[in-house]
Student: 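Below you will find the structure I want to go over with you.
Please read all numbers here as calculations on a predicted model, not as lab measurements. Letters go in sequence order (proteins before strands), and every chain restarts at 1.
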Amino acid sequence: MSRIAVIDFETTGISISQGSRATEVAIVLMENGQPVDRYQSLMNAGVSIPPFITQLTGITNAMVAAAPPATQVMAEAARFVGDTPMVAHNAGFDRRFWQAELALAGLPAPQPFACTVLLSRRLYPDAPSHKLGMLAERFALPRNGAAHRALVDAEMAAWLLVRIQHDLRERHGVAEPDHAFLCALQTCTTKALPRFLAANGRRPVH
DNA sequence: TGCCAGGCCCTCTTTAGGGCCTT
């Protein structure tokens, strides 16, 4: 059974080294290409949210003040994920927050990450933008609510993953585009991609 | 004072620079 956890964080900024912290996390658990379970929570990391971020996400200081402590939320999230391999849109960003917030909670973060930005750049080189919202529009992905909330974005990324796996099967003949395959594909250079897909699928690209 | 990430990718590259993507 193919099992993948798609994650999205909302945060106070982009830089952990500059003190940015998570304000909300959402995880969509996918089994065989279908969402089967979800985890979502605001979290209180004890830091102030810049006005720009509140404008972007709608998450206010009052909302996180009323939320459970970040360490408690991260412990729940880690239990929810277990050792399931993970996916995120621009995974480097979410992986850094996943590792940093779990470290603050005294927990390990052994899960491997695959990235839908890298995969999208490989598979859809002609797309004018690889932003999550633009790809969701391009592929008419299901969308429940305004972007820049963790669960809405995590679900969008999950449906983008479904689309990517679908195209790998239908366009490139990859029988089982599981997490290990996605990790191998995303590290493949653009130049080597046609050869990689030809070797790992039934049909060469284009 | 003034700064303000990190990693990937492309190219007019590789002794580098700029754009993209995440909040």
Student: Not counting sequence neighbours, list each pair that qualifies as a ring-ring contact (aromatic ring centres under 6.0 Å, His included) and has a residue in residues 117-153 of chain A.
Tutor: A:Y124-A:F139
Student: With rounding to the closest Å, how many angstrom separate the C1' atoms on B:dG7 and B:dT23?
Tutor: 16 Å
Student: Considering only the P atoms, how many Å lie between B:dG19 and B:dT13, rounded to the nearest integer?
Tutor: 16 Å
Student: Can you sort out the partners of A:E10 under salt bridge (Lys or Arg N to Asp or Glu O under 4.0 Å), two or more places apart, ordered by chain and number?
Tutor: none
Student: What pairs meet the ring-ring contact (aromatic ring centres under 6.0 Å, His included) rule with one or both residues in residues 24-45 of chain A, with sequence neighbours excluded?
Tutor: A:Y39-A:F80
Student: What does the B/S/- profile of nucleotides 17-23 of chain B look like, 5' to 3', with a 4.0 Å heavy-atom cutoff to protein?
Tutor: ---BBBB
Student: Find the distance A:F97:CZ to B:dA5:P and express it as a whole number of Å.
Tutor: 13 Å
Student: Would you say the rings of A:F196 and A:F181 are close, in the sense that their centroids are separated by under 6.0 Å?
Tutor: yes
Student: Between B:dG17 and B:dC4, how far apart are the two P atoms, rounded to whole Å?
Tutor: 15 Å
Student: Start at the 5' end of DNA chain B and walk down; is the nucleotide closest to A:C188 or to A:S15 reached first?
Tutor: A:S15
Student: Quote, to the nearest angstrom, the C1' distance that separates B:dC12 from B:dG18.
Tutor: 12 Å
Student: Identify, with sequence neighbours excluded, every residue that meets ring pair (Phe, Tyr, Trp, His ring centres under 6.0 Å) alongside A:F9.
Tutor: none
Student: Could you state the CZ-P distance from A:F113 to B:dC8, rounded to the nearest angstrom?
Tutor: 15 Å
Student: My understanding is that only residues two or more places apart in sequence, or in another chain, count here; which of them pass ring pair (Phe, Tyr, Trp, His ring centres under 6.0 Å) with A:F52?
Tutor: none
